[in-house]
Number of protein chains: 2
Amino acid sequence: MEQNQKPELQQSWSKDSERVVSLFKAIHKVYRDYLYKKSRQYGFTGPQIGLIMGLHKNPFSTLNELSECLGLSKSTVSGIVDRLVSQGVVIREIPESNRRIVRLSLSPEWQKNNAIQELMNNYIYDTLKNASAEEMERIILGLEILYSLISKSES
Amino acid sequence: MEQNQKPELQQSWSKDSERVVSLFKAIHKVYRDYLYKKSRQYGFTGPQIGLIMGLHKNPFSTLNELSECLGLSKSTVSGIVDRLVSQGVVIREIPESNRRIVRLSLSPEWQKNNAIQELMNNYIYDTLKNASAEEMERIILGLEILYSLISKSES
DNA sequence: TTCCAAATGTACGCATACGAACAATTCTTA
DNA sequence: TAAGAATTGTTCGTATGCGTACATTTGGAA
């Protein structure tokens with residue numbers, strides 16, 4: 001790839017880069033605020049809801065698995081689990097077969113709680129329910145391109 | 001908008017939604033890690049670099065202005081400023097004309113520090129320098145559609 | 001002019017979020 | 001089998017990040 005482009009091109013390309021970053025940040029902020037507001041209705045924070053959903057989808061995960069699934073560090077997940085355990089939502093269990101790992105699960109009351117179902121149905125979809133198929137396609141295409149570009153740059 | 005769609009459509013639409021969220025999270029993580037690594041080379045964190053860049057672009061901003069410019073709450077920015085002041089990078093000043101506001105600036109050494117220039121040139125652009133014009137266009141289009149959708153949903 | 005509202009920034013408590021260091025356990029290998 | 005390496009979680013320190021409450025100052029209205 002050529003580093004030194006013509007000034008005009010460099011200029012417009014810089015502006016495009018800035019626009020990408022600025023748009024991305026704006027979307028992230030709106031999404032984050034939205035999740036927090038929704039989660040508060042159930043008495044949780046956004047990350048807590050994410051963890052509950054992760055456990056609902058993959059019951060009896062280990063902390064390590066959950067950490068990778070959520071894209072968060074182990075120490076972060078450990079802290080979130082701490083607070084959910086103290087609230088009686090999540091159960092920590094050390095299996096006899098392997099006393100090194102921790103098996104996590106939702107407590108019985110929360111496994112069959114309808115609020116969780118409702119919440120999972122609304123969690124992601126509300127935001128994008130107004131999108132047409134074509135819009136959705138373009139959104140995904142753009143994100144895929146961006147992801148492939150950003151993943152490759154190892155500088 | 002129709003809430004109850006045909007099951008098959010609902011299914012694929014749900015999957016698309018999940019894909020959008022999952023892609024977005026993945027990009028955010030890569031970008032965040034990248035920024036932290038880059039910033040560490042200069043002895044700062046990501047948000048600190050962001051604030052320094054903001055101050056470089058709009059010198060002598062107030063905390064309120066900076067807060068809006070960065071999309072962060074005032075209390076958050078106040079904390080970041082605290083740490084940069086104690087490092088001697090940022091200067092807090094209460095003008096006589098209006099003793100309610102705080103005028104922020106980069107300390108002289110940092111205003112003319114070439115590292116800042118270099119950093120600003122590399123900050124955003126490294127990530128996207130491999131993108132073609134067409135790819136860039138598609139990325140921006142996708143983000144714009146997503147942003148307009150997500151901004152409108154006021155539920 | 002005096003009182004009240006608005007604006008501005010800080011202090012505080014809580015919940016992420018990370019890496020590094022650590023402890024406990026299990027696996028490997030010599 | 002016994003020493004060391006690898007895996008798994010927790011703990012700790014630091015830095016965000018937010019909302020609420022607060023103090024200070026400024027502006028406006030009666």
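Every chain is numbered from 1 and lettered A, B, ... according to where its sequence line falls, protein lines coming before strand lines.
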Going by the salt bridge (Lys or Arg N to Asp or Glu O under 4.0 Å) test, which pairs reach into [range], not counting sequence neighbours?
range: residues 45-56 of chain A; value: none
range: residues 133-145 of chain A; value: A:Glu134-A:Arg138, A:Glu144-B:Arg19
range: residues 41-61 of chain B; value: none

Worksheet entry | DNA chain C: 5'-proximal contact among A:Asn98 and B:Val102 (nearest heavy atom) |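 Mapping each residue to its closest nucleotide by heavy atoms, the 5'-most match is B:Val102.
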Worksheet item: Base, sugar-phosphate, or nothing for A:Arg32, non-hydrogen atoms under 4.0 angstrom?
Response: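 Sugar-phosphate contact only - A:Arg32 comes under 4.0 Å of backbone atoms but never of a base.
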Discussion item. At a heavy-atom distance below 4.0 Å, which nucleotide of DNA chain C is the first touched by chain B, and which is the last?
Written reply: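 Range of nucleotides touched by chain B: C:dA6 to C:dC18.
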Worksheet item: How long is the gap from CD on A:Gln48 to CG on A:Leu35, to the nearest 0.5 Å?
Response: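 Between atom CD of A:Gln48 and atom CG of A:Leu35 there are 13.0 Å.
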Discussion item. Taking B:Leu84 as the starting point, is it possible to reach B:Ile101 by hopping between hydrophobic residues whose side chains are less than 4.5 Å apart?
Written reply: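 No; tracing contacts between hydrophobic side chains, which count when under 4.5 Å, never links both residues.
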Worksheet item: Can you get from B:Ile139 to A:Met136 by hopping between Ile, Leu, Val, Met, Phe, Trp and Tyr side chains that sit under 4.5 Å apart?
Response: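 Yes; tracing contacts between hydrophobic side chains, which count when under 4.5 Å, links both residues.
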Discussion item. Suppose we screen for ring-ring contact (aromatic ring centres under 6.0 Å, His included). Which residues come up paired with A:Tyr147, at least two apart in sequence or across chains?
Written reply: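 Result, ring-ring contact (aromatic ring centres under 6.0 Å, His included) vs A:Tyr147: none returned.
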Practice prompt. Mind checking ring-ring contact (aromatic ring centres under 6.0 Å, His included) for A:Phe44 and listing every partner two or more places apart, or none if nothing turns up?
Written response: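 A:Phe44 satisfies ring-ring contact (aromatic ring centres under 6.0 Å, His included) with A:Trp110 once adjacent residues are dropped.
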Worksheet item: When you match A:Lys29 and A:Arg100 each to their closest nucleotide on DNA chain D, which lands nearer the 5' end?
Response: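 Looking at DNA chain D, the more 5' nearest nucleotide goes with A:Arg100.
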Worksheet item: For A:Asp33 and A:Arg103, take the nucleotide of DNA chain D holding the closest heavy atom to each; which residue's nucleotide lies nearer the 5' end?
Response: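 Whichever sits nearer the 5' end wins; that is A:Arg103.
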Worksheet item: In residues 54-70 of chain A, which ones come under 4.0 Å of DNA chain C, going by heavy atoms?
Response: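 Here the set is empty: none.
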Worksheet item: Under the side-chain contact (heavy atoms from CB on, under 4.5 Å) test, which residues partner A:Ser105, sequence neighbours left out?
Response: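 Per chain and number, A:Ser105 pairs via side-chain contact (heavy atoms from CB on, under 4.5 Å) with A:Phe60, A:Ile91.
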Discussion item. For the residue pair B:Thr76 / B:Ser73, report whether a side-chain donor-acceptor contact shorter than 3.5 Å exists.
Written reply: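 Distance-only check passes for B:Ser73 and B:Thr76.
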Discussion item. According to side chain to side chain donor-acceptor pair (under 3.5 Å), who are the partners of A:Ser67, at least two apart in sequence or on a separate chain?
Written reply: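 By the side chain to side chain donor-acceptor pair (under 3.5 Å) rule, A:Ser67 matches no residue at all.
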Worksheet item: Which pairs pass side-chain hydrogen bond (donor to acceptor under 3.5 Å, both in side chains) with one or both residues in residues 89-102 of chain A, sequence neighbours excluded?
Response: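 Qualifying pairs: A:Asp82-A:Arg92.
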Discussion item. For a 4.0 angstrom threshold against heavy atoms of chain B, report the outermost contacting nucleotides of DNA chain D in 5' to 3' order.
Written reply: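 Contacts span D:dA15 to D:dT26, reading 5' to 3'.
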Fill in: Any residue of residues 73-96 of chain A with a heavy atom less than 4.0 Å from an atom of DNA chain D
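Output list: A:Lys74, A:Ser75, A:Ser78, A:Arg92.
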Fill in: Evaluation steps, side-chain contact (heavy atoms from CB on, under 4.5 Å), between A:Leu23 and B:Ile140
CA-CA 8 Å; A:Leu23 272 171; B:Ile140 292 177; 4.3 Å; yes
